[in-house]
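Report on one structure; see the data block that follows.
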Protein chains: 2
Amino acid sequence: MAAAARVLHEQGVERTTLADIAQAADVPVGNVYYYFKTKDELIQAALSEHSAHLDQLTARLEQMTDPRARLKALIETWIEQRDLAARRGCPTGTLAVELDKRTEGDLDAEAGALIRRLLDWASGQFRELGLPDPDDLALTLVAGYQGMSLMANALRDPGIMSREGDRLLRWVDTLQLPDRNPSPRTR
Amino acid sequence: MAAAARVLHEQGVERTTLADIAQAADVPVGNVYYYFKTKDELIQAALSEHSAHLDQLTARLEQMTDPRARLKALIETWIEQRDLAARRGCPTGTLAVELDKRTEGDLDAEAGALIRRLLDWASGQFRELGLPDPDDLALTLVAGYQGMSLMANALRDPGIMSREGDRLLRWVDTLQLPDRNPSPRTR
DNA sequence: GTCTATATGCAGATAGAC
DNA sequence: GTCTATCTGCATATAGAC
């Protein structure tokens, strides 16, 4: 499963053969079929891997008490992955793009669900901060990440991850709590 | 070439067969090879189509005198394409993601070059406005577009294009000219 | 459970009639 | 230039020995 996730990310879903994955996992080709009946099941396994990584990441971030610090640590993590992002793009994002081109099967929805989980987690942090429209803020954050990853990948420039990542860090810093007593009418 | 551009965008590069393109163009398969020796040449032709579309777009925008209005019109164009973006993603962006997975050939660089041309055009507009770091602003703009397109596509939600597009419009509006005489030291 | 050998289908590419 | 028929290679998937 780890080999599948890695190779599918590196080479893309459609250009990766089962032989590639088998070789990366150091097992003969036929053996793969004992555990995964079809290539689609292998792709699903890769999605599970990414899902587990997301769980690990959020669990680590939640050890911090301040939601704003968690969000900034998330962005720092993205920046640290800049070289990989420039070479191969965001693992989940590029997977979503590829799978969305498929009409049959429902793997595309699963990639979307994975992104939505990140979105929901981020939304929860903004909500904890008491900020208005946490869903919108989460969307801006994750879209920002996907955008900078795609640009870094397309232009083969990890510096883009640093520049846009820093901008996101500053953005998170500037978000202000709304005035709690905007009007004397309240109560 | 138009059929190639359309079908390659809809189905993705790797899942599109020459038969698909031939059928969309209403010519028999073998005939395609009279004009395009390989599938790669067809992909290149699709890139040329996208390039021509970009030229048409910027030419149209440059009829406006105010660079800020041009940028806002660009964003409006993106928002108008929200349904296509939600179903298939940004034509150039998804192409870049797919082609970047290829090791052999140099098509990936051409997709990147196309994105860079948009980047350069946007940078020119910010520069005309006299704003500092026009390249960074252009990067933020185009990354924002790619990010919202990918999210709209992954979540199958055109509303994302509207929400994030509106945010970009407000962002362009808030960009201020720097103080021209910040210090009496000058001269 | 593991592995080799093989079947099947299809996509890219070509030959050659018209 | 156009089109049909066909070749070739390769990727998914299977059969079956061990």
Side-chain angles (χ1 to χ4, degrees), chain A residues 1-50 88 91 94-111, chain B residues 1-50 88 91 94-111:
Chain A
M1 286 175 70
R6 189 177 69 252
V7 178
L8 286 174
H9 175 219
E10 286 173 2
Q11 307 188 350
V13 171
E14 306 297 343
R15 295 185 73 82
T16 297
T17 69
L18 297 180
D20 292 333
I21 296 174
Q23 190 175 14
D26 205 37
V27 295
V29 202
N31 197 358
V32 174
Y33 281 95
Y34 183 78
Y35 295 96
F36 306 96
K37 274 190 272 296
T38 63
K39 185 178 180 178
D40 274 18
E41 286 192 17
L42 256 179
I43 298 170
Q44 190 141 17
L47 281 165
S48 296
E49 282 286 299
H50 290 304
R88 310 292 180 181
T94 58
L95 204 49
V97 168
E98 282 198 276
L99 295 181
D100 272 317
K101 298 299 185 189
R102 300 188 153 205
T103 45
E104 80 277 2
D106 55 351
L107 287 170
D108 54 336
E110 294 195 38
Chain B
M1 286 175 68
R6 189 177 70 252
V7 178
L8 286 174
H9 174 218
E10 287 174 1
Q11 308 189 347
V13 172
E14 307 297 344
R15 293 187 73 83
T16 297
T17 68
L18 297 179
D20 291 334
I21 296 174
Q23 190 175 15
D26 204 37
V27 295
V29 203
N31 197 358
V32 174
Y33 281 96
Y34 182 78
Y35 295 96
F36 306 96
K37 275 189 271 294
T38 63
K39 184 177 180 179
D40 274 19
E41 285 192 18
L42 257 179
I43 298 170
Q44 190 140 17
L47 281 165
S48 296
E49 283 285 300
H50 291 303
R88 310 292 181 181
T94 58
L95 205 47
V97 168
E98 283 198 275
L99 295 180
D100 272 318
K101 298 299 185 189
R102 301 188 152 205
T103 45
E104 81 278 1
D106 54 351
L107 286 170
D108 54 337
E110 293 195 39

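Note on naming: letters A, B, ... go to the chains in the order of the sequence lines (proteins, then strands), and numbering restarts at 1 for each one. Everything numeric in this text was worked out from a predicted model, so none of it was measured.
- With sequence neighbours left out, A:S48 forms a side chain to side chain donor-acceptor pair (under 3.5 Å) with no residue at all.
- No side-chain heavy atom of A:F36 sits under 4.5 Å from any side-chain heavy atom of A:D40.
- Residues A:L8 and A:I21 have side chains in contact (heavy-atom distance under 4.5 Å, counting atoms from C-beta outward).
- Separating the CD atom of B:E14 from the C1' atom of D:dC10 is a distance of 14 Å, rounded to the nearest angstrom.
- With hydrogens and angles ignored, the 3.5 Å screen pairs no side-chain donor or acceptor of B:D100 with any backbone N or O of B:V97.
- Nucleotide C:dA13 holds its P atom 11 Å from the CD1 atom of B:I21, rounded to whole Å.
- Although no hydrogens or angles enter the test, the distance criterion places no donor-acceptor pair under 3.5 Å between the side chain of A:K101 and the main chain of B:T16.
- In the region residues 36-46 of chain A, proximity to DNA chain D at under 4.0 angstrom, judged on heavy atoms, holds for A:T38, A:K39.
- Side-chain nitrogen and oxygen atoms of A:Y35 include none within less than 4.0 Å of the OP1 or OP2 phosphate oxygen of C:dG1.
- Straight-line distance from the CG atom of B:L18 to the P atom of C:dG12: 4 Å, rounded to whole Å.
- To the nearest 0.5 Å, the span separating CG on B:L95 from NE2 on B:H9 amounts to 8.5 Å.
- Atom CD in B:E14 sits 4.5 Å away from atom CZ in B:R102 (nearest 0.5 Å).
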Evaluate the criterion side-chain contact (heavy atoms from CB on, under 4.5 Å) for residue pair A:R15 and A:E98; output intermediate values, then yes/no.
-> CA-CA 11 Å; A:R15 295 185 73 82; A:E98 282 198 276; over 6 Å; no
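- Remark: B:P28, B:G30, B:N31 in residues 25-33 of chain B come within less than 4.0 Å of DNA chain D through at least one heavy atom.
- B:Y34 has a side-chain polar atom (N or O) that falls below the 4.0 Å cut-off from OP1 or OP2 of D:dG1.
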